[in-house]
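Encoded as structure tokens, the structure appears first; notes follow it.
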Number of protein chains: 2
Amino acid sequence: MGLTKTEIFTEEQNQIAQWAKVLGHPARIAILQHLFKTDACICGDLVDVIGLAQPTISQHLKELKKVGIIQGTIEGTSVCYCINQKGWHQMQTALSGFMDLTQGPKDCC
Amino acid sequence: MGLTKTEIFTEEQNQIAQWAKVLGHPARIAILQHLFKTDACICGDLVDVIGLAQPTISQHLKELKKVGIIQGTIEGTSVCYCINQKGWHQMQTALSGFMDLTQGPKDCC
DNA sequence: TCCTTTAATCGTAATATTGCAATATATAAT
DNA sequence: ATTATATATTGCAATATTACGATTAAAGGA
């Protein structure tokens, strides 16, 4: 089918999955790493730094924005992107929390 | 196209993305949560607990196994699944490390 | 005003993912 | 041997994702 049955899962499960999903592409990882490295915000630079076409980068940025972990402000003819601190920390808390479920090395089958 | 240009990214970026991707579906989140909760290992229970068909669960388990965060051992007619501690911690370290890039609330545009 | 620059959007092709019915496989039990 | 149980695999339909060329929109500079 190709469509996820979100109705049968909890909101938490869907949220975690959605955040993880957006991190599930190397281009978006690269974009985020570059936003961190340059500290300040950038934009069309991403097209040069990463080797993808402008529409493709734009599309990835849109998805990152949709889940609230980056933000963009129009600045003249260009758009300045940067990490959305609040959204980022929400994601970080949720994902780290999920991965911390490990309580000691419980033995296994 | 539908196919990711993995060649243009670093191995680290591809690795992080691959781990995140596998967490990017609520069914897999639910499976992992259940494996943690029941501590010991389970299997066909997952089909009952989660509301998806047996082949679908089987497929999700396969993907989780492929990235090395769970493992399964045949036990009579059933298969016992559980978290692969080593693989899990590798993922945890990588993803947490990536999300920790945040060094103080650098101001933005 | 016209041109340039920058980024978003549209349209489309190729491929991937999700989900399940049907089937296959493998072990246990009778 | 036959049957029951549990899981994997196959095949397929519906939808999603990735990538990009072409185009549009919007602001700055000549």
Side-chain angles (χ1 to χ4, degrees), chain A residues 1-9 13-14 17-32 34-35 40-67 70-82 109, chain B residues 1-9 13-14 17-31 34-35 41-67 70-82 109:
Chain A
M1 302 193 163
L3 102 173
T4 299
K5 284 191 159 180
T6 50
E7 1 39 277
I8 68 173
F9 302 106
Q13 288 164 342
N14 284 313
Q18 196 176 33
W19 271 318
K21 191 175 186 178
V22 95
L23 296 184
H25 193 290
R28 293 193 285 268
I29 297 296
I31 288 173
L32 293 168
H34 195 259
L35 286 181
C41 324
I42 316 247
C43 157
D45 290 351
L46 291 165
V47 176
D48 301 329
V49 174
I50 304 166
L52 292 171
Q54 180 266 319
T56 308
I57 296 292
S58 199
Q59 203 174 327
H60 284 304
L61 287 168
K62 193 178 174 185
E63 282 176 72
L64 290 167
K65 205 160 53 174
K66 200 175 63 188
V67 299
I70 71 169
Q71 64 191 88
T73 354
I74 297 169
E75 213 153 80
T77 120
S78 60
V79 175
C80 173
Y81 280 101
C82 62
C109 30
Chain B
M1 303 195 163
L3 103 170
T4 298
K5 284 190 158 180
T6 49
E7 2 36 280
I8 67 173
F9 302 105
Q13 288 164 343
N14 283 315
Q18 195 176 35
W19 272 319
K21 191 174 185 178
V22 93
L23 297 184
H25 193 289
R28 294 192 284 267
I29 297 294
I31 287 173
H34 196 259
L35 286 182
C41 324
I42 318 250
C43 159
D45 290 350
L46 290 165
V47 177
D48 301 327
V49 174
I50 304 168
L52 291 171
Q54 180 266 319
T56 308
I57 296 291
S58 197
Q59 205 175 325
H60 284 303
L61 287 168
K62 195 177 174 185
E63 284 176 67
L64 291 167
K65 203 160 55 173
K66 200 176 62 189
V67 300
I70 70 168
Q71 64 191 86
T73 353
I74 297 170
E75 212 153 82
T77 120
S78 58
V79 176
C80 173
Y81 281 102
C82 62
C109 32

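A, B, ... follow the sequence lines: proteins, then strands. Residue 1 opens every chain.
Between Trp19(B) and Leu23(A) the shortest side-chain heavy-atom distance does not fall below 4.5 Å. Within the 4.5 Å cutoff, side-chain heavy atoms of Leu46(A) are placed close to those of Leu61(A).
A straight line from CG of Leu64(B) to P of dA8(D) spans 12 Å, rounded to a whole angstrom. The separation between Glu63(A) atom CD and dT18(D) atom P is 6 Å, rounded to whole Å. Atoms NZ (Lys66(B)) and P (dT9(D)) sit 12 Å apart, rounded to a whole Å. Following rounding to the nearest Å, Phe9(B) (CZ) and dA19(D) (P) show an atom-to-atom distance of 6 Å. Leu61(B) places its CG atom 13 Å from the P atom of dT18(C), with the value rounded to the nearest Å. Note: CG (Leu23(B)) to P (dT17(C)) measures 15 Å, nearest angstrom. The nearest whole Å value for the distance from the CG atom in Leu3(B) to the P atom in dA16(C) is 6 Å. Gln59(B) places its CD atom 10 Å from the P atom of dT17(C), with the value rounded to the nearest Å.
Phosphate proximity of dT17(C) to Lys21(B): present, with a side-chain N or O under 4.0 Å from OP1 or OP2. Taking only side-chain nitrogens and oxygens, Ser58(B) comes nearer than 4.0 Å to OP1 or OP2 of dA8(D). Regarding contacts with the backbone of dT17(D), every side-chain N or O of His60(A) stays at 4.0 angstrom or more from both OP1 and OP2.
Closest-nucleotide positions on DNA chain D for Lys65(B) and Lys5(B) were compared, and the one nearer the 5' end corresponds to Lys65(B). Residues Thr4(A) and Asp45(A) both approach DNA chain C. Their nearest nucleotides, taken by heavy-atom distance, put Asp45(A) toward the 5′ side.
Atom CD1 of Ile8(B) sits in a crowded spot, with more than 12 heavy atoms from other residues, nucleotides or ligands closer than 6.0 Å.
Under the rule for a salt bridge (charged side-chain N to carboxylate O under 4.0 Å, His left out), Glu75(A) has no partner lying at least two apart in sequence or in another chain.
Listed here is the closest heavy atom pair of Val49(B) and His34(B): CG2-NE2, 3.5 Å. Considering all non-hydrogen atoms of both residues, Ile29(B) and Gln13(A) come closest at CG2-CG, 4.0 Å. The two residues Ala27(B) and Ile50(B) make their nearest non-hydrogen contact at O-CD1, 4.1 Å. Contact record, Pro26(B) with Thr4(A): CG-CG2, 3.7 Å, taken as the closest heavy-atom pair.
Across dA8(C), dG19(C), dA19(D), the shortest atom-to-atom separation from the side chain of Tyr81(A) is found for dA8(C).
Taking the six-membered ring where the residue is Trp, His25(A) and His60(A) present tilted rings, their angle falling between 30° and 60°.
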Short N/O separations, protein against nucleotides 1-6 of chain D, under 3.5 angstrom:
unit_1, atom_1, unit_2, atom_2, d
dA6(D), O4', Thr77(B), O, 3.4
dA6(D), O4', Thr77(B), OG1, 2.5

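Remark: Gln54(B), Pro55(B) in residues 46-57 of chain B come within less than 4.0 Å of DNA chain D through at least one heavy atom.
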